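In what follows, every chain begins at residue 1, and chains take the letters A, B, ... in the order their sequences are listed. Reckoned from all heavy atoms, side chains included, excluding hydrogens, waters and symmetry mates. These numbers were taken from a predicted model, which means no experiment stands behind them.
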There are 2 protein chains.
Amino acid sequence: MARKTKAEAEQTRHRIIECARMVFNRSGVNNTSLEEVAHAANVTRGAVYWHFKNKADLFQAVRAQTGRLLKLNSSSTGDALQRLQSGLLNALHRLESDAEARATFEVMLWKCEYVGEFTAVRNDLMKSGQDFLDEVTALYSEAHKNKILRPDVVPEIAGLETFFFFTGLLKIWLTTDNRSAIHRQTVAAIESHIATKRAESIHKKTH
Amino acid sequence: MARKTKAEAEQTRHRIIECARMVFNRSGVNNTSLEEVAHAANVTRGAVYWHFKNKADLFQAVRAQTGRLLKLNSSSTGDALQRLQSGLLNALHRLESDAEARATFEVMLWKCEYVGEFTAVRNDLMKSGQDFLDEVTALYSEAHKNKILRPDVVPEIAGLETFFFFTGLLKIWLTTDNRSAIHRQTVAAIESHIATKRAESIHKKTH
DNA sequence: AGATTTACATACATGTCTGTATGTAAATTC
DNA sequence: GAATTTACATACAGACATGTATGTAAATCT
């Protein structure tokens with residue numbers, strides 16, 4: 001076959017990543033051969049090995065393409081707790097609407113053995129987890145400063161709690177068969193998670 | 001080699017399970033060959049295949065030997081929320097003190113691809129997750145009935161929240177390098193998680 | 001326009017894993 | 001105590017995965 005244009009090569013690379021995500025999600029990362037990925041992408045292993053060093057490298061690319069789920073510092077308004085809540089709800093909404101992101105997280109949380117070459121991937125994952133924790137903690141600190149956080153709630157601890165909570169939520173939500181069936185309860189759990197941390201001051205709008 | 005006594009055979013079976021847990025934890029379930037397990041247990045693959053149908057079956061045995069982590073209906077006393085809290089703390093404590101249980105959960109949460117034969121294992125896992133959810137929800141219902149739950153907290157939602165929270169806690173805690181360093185904060189997160197759900201009645205002892 | 005890369009496809013060498021079939025000597029059964 | 005299981009070890013067959021080396025025709029560079 002002829003050499004491809006630079007743009008075509010980039011297309012090929014993207015196709016490999018997308019197909020890798022699909023196949024990983026179907027068969028698991030370790031259980032998937034690069035031959036399967038190549039076949040799904042209509043190329044040979046040669047192409048895969050040209051674009052990526054090995055499977056772990058490919059998996060990192062899959063991860064990188066999806067990126068972070070939570071974006072707290074974006075458009076949303078309101079006090080710190082409201083911003084945190086809508087950040088969490090937005091993340092959930094992205095998972096619901098973005099099938100690719102969902103697949104990526106499904107692979108990361110249920111279809112990958114973090115061992116050997118993949119411990120590096122896990123460290124990466126934990127690093128973005130630490131970022132999540134930092135951002136959430138910062139929001140709780142702001143809430144504390146503004147007296148809208150319950151006085152007996154420590155920002156650092158609350159941040160950790162939310163980190164645990166959302167990690168588990170993702171893990172469980174992703175493996176639930178009928179996700180739309182638990183949508184309402186999941187949203188309610190998020191709202192309740194935040195609401196119970198809010199100081200009981202004068203009359204406040206919950207909604 | 002000679003045929004083993006029934007008791008010896010049972011010993012062999014146990015040895016295989018324990019070694020499987022170790023090797024799975026080191027190399028991941030999918031990435032581990034039954035030859036490795038057999039070697040670690042000082043037997044051949046013949047023995048492994050005699051005792052277990054295949055790797056998934058062996059993994060189920062590893063899981064079954066460790067059993068559930070949470071035992072809420074046991075000895076602890078106090079009101080529903082106190083019992084829930086000590087149940088969660090006990091589960092954490094078991095993970096800290098019981099290296100085998102820890103290894104099993106590490107494998108289940110970080111070193112296994114739930115795909116193919118292993119989807120059955122995941123279903124099993126989710127079933128015990130559902131049991132957890134039911135028990136926790138029952139405790140919140142009791143707390144609600146006894147007016148010690150915040151009136152704006154719905155037992156079912158709180159149960160779900162706690163389920164998410166503890167699932168994430170396990171996952172994160174198990175992959176943290178220096179676990180003793182985050183012990184205090186983890187305990188505090190559990191306590192805070194429960195405390196924020198308690199109704200603010202008259203004077204109560206937090207400790 | 002010629003030289004040089006590039007973007008793969010093909011081929012090769014090697015190792016590994018699985019499941020099953022068969023062998024066997026001693027426990028266990030009757 | 002003879003017949004039958006049992007608890008494995010050994011052997012076999014087939015598939016499959018990985019990484020690299022090599023080939024090649026067309027882009028891209030100069």
Side-chain angles (χ1 to χ4, degrees), chain A residues 1-20 22-24 26-62 111-113 115-121, chain B residues 1-20 22-24 26-62 111-113 115-121:
Chain A
M1 292 226 170
R3 175 180 172 190
K4 298 293 173 55
T5 249
K6 227 174 181 181
E8 286 173 320
E10 193 57 27
Q11 254 184 354
T12 303
R13 187 188 138 92
H14 264 67
R15 194 151 25 94
I16 291 174
I17 291 179
E18 283 171 29
C19 292
M22 280 178 44
V23 183
F24 285 167
R26 210 184 315 143
S27 310
V29 177
N30 226 292
N31 201 33
T32 294
S33 68
L34 292 185
E35 165 63 29
E36 290 178 73
V37 174
H39 181 79
N42 258 325
V43 291
T44 64
R45 269 169 51 242
V48 177
Y49 274 103
W50 197 88
H51 283 287
F52 307 95
K53 186 185 165 193
N54 53 30
K55 209 184 342 187
D57 189 37
L58 173 56
F59 182 43
Q60 283 282 28
V62 170
K111 319 277 184 77
C112 181
E113 300 178 358
V115 163
E117 309 261 0
F118 291 91
T119 38
V121 185
Chain B
M1 294 229 171
R3 174 180 172 191
K4 299 292 173 57
T5 248
K6 226 173 180 181
E8 285 174 320
E10 192 57 28
Q11 253 185 354
T12 302
R13 187 188 138 92
H14 264 67
R15 193 149 27 93
I16 291 173
I17 292 178
E18 284 172 29
C19 292
M22 281 178 44
V23 182
F24 285 166
R26 210 184 316 143
S27 310
V29 177
N30 227 295
N31 202 33
T32 294
S33 68
L34 291 185
E35 166 62 28
E36 291 178 72
V37 174
H39 182 77
N42 258 323
V43 290
T44 64
R45 268 171 51 242
V48 177
Y49 273 103
W50 196 88
H51 284 287
F52 307 96
K53 186 184 166 191
N54 52 30
K55 207 178 357 182
D57 189 34
L58 173 56
F59 182 43
Q60 282 282 27
V62 170
K111 319 279 183 71
C112 181
E113 300 177 357
V115 163
E117 309 262 1
F118 290 91
T119 37
V121 185

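- The listed nucleotides are C:dT18, C:dC8, D:dA9; the one nearest the side chain of B:Ala47 is D:dA9.
- For the pair B:Gln11 CD and D:dA7 P, the computed distance is 13 Å after rounding to whole Å.
- Along DNA chain C, the nucleotide nearest to B:Glu117 and the one nearest to B:Lys6 differ in position, and the one closer to the 5' end is contacted by B:Glu117.
- In terms of position on DNA chain C, the residue among B:Ala7 and B:Lys53 whose nearest nucleotide sits closer to the 5' end is B:Lys53.
- Remark: A:Thr12 is in phosphate contact with C:dC8, judged by side-chain N or O atoms under 4.0 Å from OP1 or OP2.
- Between the C1' atom of D:dT20 and the CD atom of A:Glu35 lies a distance of 16 Å, rounded to the nearest Å.
- Nearest to the side chain of B:Arg3, among C:dA25, D:dT18, C:dC8, sits C:dA25.
- The aromatic rings of B:Phe24 and B:Phe59 sit perpendicular to each other, their planes meeting at more than 60°, with 30° as the lower class boundary.
- Distance check, rounded to the nearest 0.5 Å: CG of A:Asn31 to NZ of A:Lys111 gives 11.5 Å.
- In this model, the phosphate group of D:dT18 is approached by a side-chain N or O of A:Lys55 to a distance below 4.0 Å at OP1 or OP2.
- Distance CZ (B:Phe59) to C1' (C:dT18): 19 Å, rounded to an integer number of Å.
- Following rounding to the nearest Å, A:Tyr49 (OH) and C:dA13 (C1') show an atom-to-atom distance of 14 Å.
- Remark: B:His51 is not in phosphate contact with D:dA7, judged by side-chain N or O atoms under 4.0 Å from OP1 or OP2.
- If you check every strand for non-hydrogen atoms under 4.0 Å, A:Thr44 touches a base.
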Begin from the C-alpha positions of B:Arg15 and B:Glu18 and carry the test side chain to side chain contact (heavy atoms under 4.5 Å, CB included) through to its verdict. CA-CA 5 Å; B:Arg15 193 149 27 93; B:Glu18 284 172 29; 5.9 Å; no

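- Of the candidate nucleotides C:dA26, C:dA7, D:dC8, C:dA7 has the atom lying nearest to any side-chain atom of A:Ala9.
- Following rounding to the nearest Å, A:Asn31 (CG) and C:dC17 (C1') show an atom-to-atom distance of 12 Å.
- Distance CH2 (B:Trp50) to P (D:dT5): 14 Å, rounded to an integer number of Å.
- Panel note: side chain A:Lys55, backbone A:Glu117; no donor-acceptor pair is recorded below 3.5 Å.
- The distance between atom NE2 of A:His39 and atom P of D:dA17, rounded to the nearest whole Å, is 12 Å.
- C:dC17 atom P lies 12 Å from atom CG of A:Asn30, rounded to whole Å.
- Screening A:Ile16, A:Thr44, A:Val48 for a side-chain contact (heavy atoms from CB on, under 4.5 Å) with A:Leu34, the sole residue that qualifies is A:Val48.
- Set against D:dT20, C:dA27, D:dA9, the side chain of A:Arg45 has D:dT20 as its closest nucleotide.
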